[in-house]
**Student:** 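A single structure is presented below for examination.
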Amino acid sequence: MPQNIHSIVKNLVLIGGGHSHAIVLRMFGSRMLPGVNLTLINPTLDTPYSGMLPGHIAGFYSRDQCHIDLRALAKFAQAQLYIDQAVALDLENNKVLCANQPAINFDVLSIDIGSTPAKISVSGAAEFAISAKPVSQLLQHWDQIKENVAANPQLPISIAVVGGGAGGVELALAMQANLVQLVAENENLEMHLFQRSGELMPNYHPSVRRLMQQVVISKGIQLHLGEAVCQITPMISRETREKYTIKCESGLTVECNKVFWVTQASAPDWLKAAGLGTDEQGFILVDDNLRSLTHANVFAAGDIATMINYPLPKAGVFAVRQGQPLFENLQRLLLGKTLKPYRPQQQYLSLIGTGDKKAIATRGAFTLPPHKLLWCWKDYIDRRFMQRFHKFSDCRDVS
Ligand SMILES: Cc1cc2nc3c(=O)[nH]c(=O)nc-3n(C[C@H](O)[C@H](O)[C@H](O)COP(=O)(O)OP(=O)(O)OC[C@H]3O[C@@H](n4cnc5c(N)ncnc54)[C@H](O)[C@@H]3O)c2cc1C
């Protein structure tokens with residue numbers, strides 16, 4: 001018999017205000033469940049929307065346009081918001097341990113904390129490279145660089161991006177697009193992109209890889225394919241800007257003023273340490289219901305989850321799609337109903353910006369080269385998505 005949750009208060013705790021949880025909160029706001037205490041834990045008051053992040057770095061969108069206001073969203077969902085970071089889980093006693101707050105009790109837990117680029121094994125990377133995540137720190141560094149270049153447009157600047165997946169390529173193109181307008185002469189700007197394998201964006205169809213390589217080269221970005229960065233060391237420099245030497249396994253060395261790190265996604269240690277079933281990289285293993293394989297009251301979505309039956313790339317688009325099924329299954333569990341499996345699409349459309357208000361479209365083996373109309377299409381989809389988080393009062397559904 002399903003329990004009557006109206007008489008029993010249940011604590012649903014959401015760790016991380018990522019894309020899936022933003023949708024979950026919005027849907028809870030529209031379809032409130034009596035008897036449920038909703039809590040969100042996130043280190044910042046807002047969370048970036050990945051689809052518009054490269055466009056923000058390129059200068060096409062303001063910071064607000066590509067961030068979801070979690071305080072307003074939590075208010076709409078009648079959720080308690082803790083500005084904090086989960087650092088451990090006590091799964092025997094159903095508690096989330098945070099960096100600053102006392103432990104938070106849960107009956108049902110959902111985790112959507114994203115991922116961070118892995119850099120542990122590379123000497124100097126943790127100290128001297130700027131990680132693409134957390135995005136708040138990436139943007140702080142980026143704003144400083146822009147200010148510095150705008151104030152000294154005659155000084156040469158050299159920037160390296162390490163990681164040639166979609167995130168690294170989009171970041172390099174977006175930075176190049178913005179900085180080229182700030183420097184006094186194009187020759188003052190040097191952009192390097194390092195990729196361990198022989199091709200960019202190995203998770204994409206070969207036609208996309210080829211097109212992106214052409215775009216990157218045509219923008220004047222120096223592409224280092226088949227180059228694995230193994231060391232970053234600071235240089236003693238008489239110049240006003242700091243300088244680093246980037247060393248690759250091949251022996252190649254490149255000098256740069258800033259190094260951005262956008263390599264393979266990694267997960268924090270505390271999930272595995274808590275006893276949650278994880279894959280080899282530490283991502284939470286979930287079934288088709290987005291529920292942990294080892295803990296029936298724990299769910300996960302977005303980058304931090306690995307669906308055992310559907311290995312998906314770590315991309316915001318999947319975190320967005322998992323939002324609604326996650327919401328439905330959290331509600332179902334709280335109502336004592338049977339969970340509903342989620343089957344991700346096998347083939348999906350990707351619109352990838354090229355930093356110049358053009359985009360490439362790809363679905364399976366079908367690819368369209370960079371075009372302004374494709375950017376307009378992407379822009380429309382992204383703005384429509386964000387619109388749903390700017391107007392909470394008139395929303396009913398996000399599907
Ligand atoms: C430079 C760059 C560009 C990208 N561009 C694209 C793109 O164009 N399209 C695309 O689909 N993907 C893109 N990606 C990938 C995309 O950012 C991720 O796949 C996506 O953000 C994952 O969403 P998520 O919901 O899993 O987590 P996130 O969006 O990362 O959100 C996680 C949230 O959890 C919070 N959090 C983290 N740790 C904790 C903790 N311990 N306790 C509490 N809260 C925590 C974070 O602060 C954050 O608010 C890009 C990535 C990078 C680095």
Side-chain angles (χ1 to χ4, degrees), residues 12-30 38 40-57 61 63-74 76-77 79 81 86 109-117 132-136 138-139 165-167 170 262 265 267-268 283-284 286 290 299-307 310 312-330 342 344-345 348-353 378-379 381-392 395 397-399:
L12 167 58
V13 174
L14 310 179
I15 308 181
H19 299 55
S20 314
H21 278 173
I23 291 169
V24 166
L25 284 162
R26 192 181 178 284
M27 295 187 88
F28 263 110
S30 316
L38 196 53
L40 170 67
I41 307 164
N42 195 76
T44 48
L45 278 170
D46 56 16
T47 193
Y49 169 50
S50 59
M52 288 166 95
L53 182 64
H56 169 61
I57 289 170
Y61 305 116
R63 193 189 180 285
D64 282 354
Q65 276 177 306
C66 69
H67 278 78
I68 297 170
D69 179 349
L70 291 177
R71 190 162 39 184
L73 184 56
F76 174 67
L81 172 62
L109 180 68
S110 181
I111 305 173
D112 174 23
I113 58 169
S115 58
T116 47
K133 296 272 181 100
V135 170
S136 54
L138 167 76
L139 294 182
E170 281 192 89
V262 204
F283 294 105
I284 304 168
V286 295
L290 301 173
F299 289 73
D303 279 9
I304 201 61
T306 293
M307 293 187 77
Y310 304 96
L312 300 168
K314 305 288 179 200
V317 60
F318 298 109
V320 167
R321 290 203 181 138
Q322 288 171 348
Q324 183 166 351
L326 177 65
F327 165 77
E328 281 172 4
N329 278 335
L330 290 170
Y342 161 64
Q345 279 170 278
Y348 48 90
L349 172 77
S350 284
L351 291 163
I352 311 155
K378 174 173 164 52
D379 177 65
I381 293 170
D382 288 336
R383 283 178 193 266
R384 198 182 53 168
F385 177 79
M386 285 303 286
Q387 191 71 24
R388 292 168 175 162
F389 294 97
H390 289 142
K391 289 188 195 169
F392 295 116
C395 65
D397 214 326
V398 286
S399 53

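Keep in mind that this is a model prediction, so the values were computed, not measured.
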**Student:** Between Met386 and Gln65, is any pair of side-chain heavy atoms under 4.5 Å apart?
**Tutor:**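 They are not in side-chain contact.
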
**Student:** How far apart are the closest heavy atoms of Gly167 and Val262, and which atoms are they?
**Tutor:** C-CG1, 3.8 Å

**Student:** Tell me, please, which residues at least two apart from Lys378 pass salt bridge (charged side-chain N to carboxylate O under 4.0 Å, His left out).
**Tutor:** Asp382

**Student:** List in chain and number order the residues that pass side chain to side chain contact (heavy atoms under 4.5 Å, CB included) with Pro344, two or more places apart in sequence or in another chain; answer none if no residue qualifies.
**Tutor:** Met307, Tyr310, Leu312, Tyr342

**Student:** My understanding is that only residues two or more places apart in sequence, or in another chain, count here; which of them pass ring-ring contact (aromatic ring centres under 6.0 Å, His included) with Tyr348?
**Tutor:** Phe318

**Student:** Can you name the closest pair of heavy atoms from Pro268 and Ile113 and give their distance?
**Tutor:** CG-CD1, 3.7 Å

**Student:** Evaluate the side-chain proximity of Ile23 to Phe389: yes if any heavy-atom separation is below 4.5 Å, no if none is.
**Tutor:** yes

**Student:** Considering non-hydrogen atoms only, spot the tightest contact between Ala132 and Pro117 and give its length.
**Tutor:**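 Heavy atoms only, the tightest pair is N-CG, 4.0 Å.
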
**Student:** Are the side chains of Leu45 and Leu81 in contact, using a 4.5 Å heavy-atom criterion?
**Tutor:** yes

**Student:** Apply side chain to side chain contact (heavy atoms under 4.5 Å, CB included) to Thr306 and list each qualifying residue two or more places apart in sequence or on a separate chain.
**Tutor:** Asp279, Phe283, Leu285, Lys314

**Student:** Got Val24 and Ser110 here, is their nearest side-chain heavy-atom distance under 4.5 Å?
**Tutor:** no

**Student:** To the nearest 0.5 Å, what is the distance between CG on Leu12 and CZ on Phe299?
**Tutor:** 9.5 Å

**Student:** Could you tell me whether the side chain of Gln322 reaches within less than 4.5 Å of the side chain of Val286, counting heavy atoms only?
**Tutor:** no

**Student:** Identify the two heavy atoms, one from Tyr61 and one from His56, that lie closest to each other, and give their separation to 0.1 Å.
**Tutor:** O-ND1, 2.8 Å

**Student:** Looking at side-chain heavy atoms only, is the closest gap between Arg26 and Ile68 below 4.5 Å?
**Tutor:** no

**Student:** To the nearest 0.5 Å, what is the distance between CD1 on Ile57 and CE on Met52?
**Tutor:** 13.0 Å

**Student:** Might you point out which heavy atoms bring Gly302 and Ser20 nearest each other, and give the distance in Å?
**Tutor:** N-OG, 3.7 Å

**Student:** Report yes or no: does Ser115 contribute a side-chain atom to a donor-acceptor pair with the main-chain N or O of Ala267 at less than 3.5 Å?
**Tutor:**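 Pair absent, no side-chain N/O of Ser115 close to backbone of Ala267.
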
**Student:** Could you pull out all residues at least two apart from Thr44 that satisfy side-chain hydrogen bond (donor to acceptor under 3.5 Å, both in side chains)?
**Tutor:**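 Thr44: side-chain hydrogen bond (donor to acceptor under 3.5 Å, both in side chains) contacts with Asn42.
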
**Student:** Roughly how far, to the nearest 0.5 Å, is NE2 of His390 from CG of Asp64?
**Tutor:**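 Asp64 CG to His390 NE2: 7.0 Å, rounded to 0.5 Å.
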
**Student:** Give the C-alpha distance, both sets of side-chain angles, the deciding distance and a yes or no for side chain to side chain contact (heavy atoms under 4.5 Å, CB included) between Lys133 and Asp303.
**Tutor:** CA-CA 12 Å; Lys133 296 272 181 100; Asp303 279 9; 4.3 Å; yes

**Student:** Just jot down the ring-ring contact (aromatic ring centres under 6.0 Å, His included) partners of His21, sequence neighbours excluded, or say none.
**Tutor:**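 His21 satisfies ring-ring contact (aromatic ring centres under 6.0 Å, His included) with no other residue.
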
**Student:** Could you work out, with ring-ring contact (aromatic ring centres under 6.0 Å, His included) as the rule, every residue matching Phe28, not counting sequence neighbours?
**Tutor:**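 With neighbours one apart ignored, the set is Phe327.
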
**Student:** For Arg383, give me all partners under side-chain hydrogen bond (donor to acceptor under 3.5 Å, both in side chains), at least two apart in sequence or on another chain.
**Tutor:** Asp379

**Student:** Hey, could you give me each pair passing salt bridge (Lys or Arg N to Asp or Glu O under 4.0 Å) that has a residue in residues 41-53? Not counting sequence neighbours.
**Tutor:**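 Residue pairs with at least one partner in residues 41-53: Asp46-Arg63.
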
**Student:** side-chain hydrogen bond (donor to acceptor under 3.5 Å, both in side chains) with Ser350: which residues, sequence neighbours excluded?
**Tutor:**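 Residues passing side-chain hydrogen bond (donor to acceptor under 3.5 Å, both in side chains) with Ser350: none at all.
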
**Student:** Would you name the heavy atoms of Ala86 and Ile41 that are closest together and state the gap between them?
**Tutor:**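 Minimum heavy-atom contact is N-CG2, 4.3 Å.
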
**Student:** Testing Asp112, Leu109, Ile304, Leu40 one by one against Ile15 for a side chain to side chain contact (heavy atoms under 4.5 Å, CB included), which residue passes?
**Tutor:** Leu109

**Student:** Has the side chain of His19 got a donor or acceptor atom that lies under 3.5 Å from a matching backbone atom of Ser50?
**Tutor:** yes

